[in-house]
Amino acid sequence: MPKYDSQRKASKKWRAENLEYIQFSVRKGEKARIKAYAEGQNQTLAGFIKDTIYSAMSASNEDFTE
């Protein structure tokens, strides 16, 4: 197995063990608007969404630990 195949396999395994994915839908055109806003804030789309969620959670003063 070439080196890059083993690295890809290791990365896939790590993601399966350590990450969860969230999908949601927005109306057509909204993704571009949100992405443009995020880029205007020097953030990626994913980073902006995560920061917004965590900010809202911390502002609510509720305990979200499991």
Ser25 meets the side chain to side chain donor-acceptor pair (under 3.5 Å) criterion, sequence neighbours left out, with none
One should read off an interatomic distance between Thr52 OG1 and Ile34 CD1, to the nearest 0.5 angstrom, of 9.5 Å
d(Phe48 CZ, Ser55 OG) to nearest 0.5 Å is 10.0 Å
- Query: Is it true that atom CZ of Phe24 has more than 12 heavy atoms of other residues, nucleotides or ligands lying nearer than 6.0 Å?
  - Reply: no
message: Quick check on the hydrophobic clustering: are Val26 and Ile49 connected, directly or via other members, by side-chain heavy-atom contacts under 4.5 Å?
response: yes
d(Arg27 CZ, Arg33 CZ) to nearest 0.5 Å is 12.5 Å
So does Leu19 have more than 12 non-hydrogen atoms from other groups sitting under 6.0 Å from CG?
yes
Across all chains, not counting sequence neighbours, the side chain to side chain donor-acceptor pair (under 3.5 Å) partners of Arg15 are none
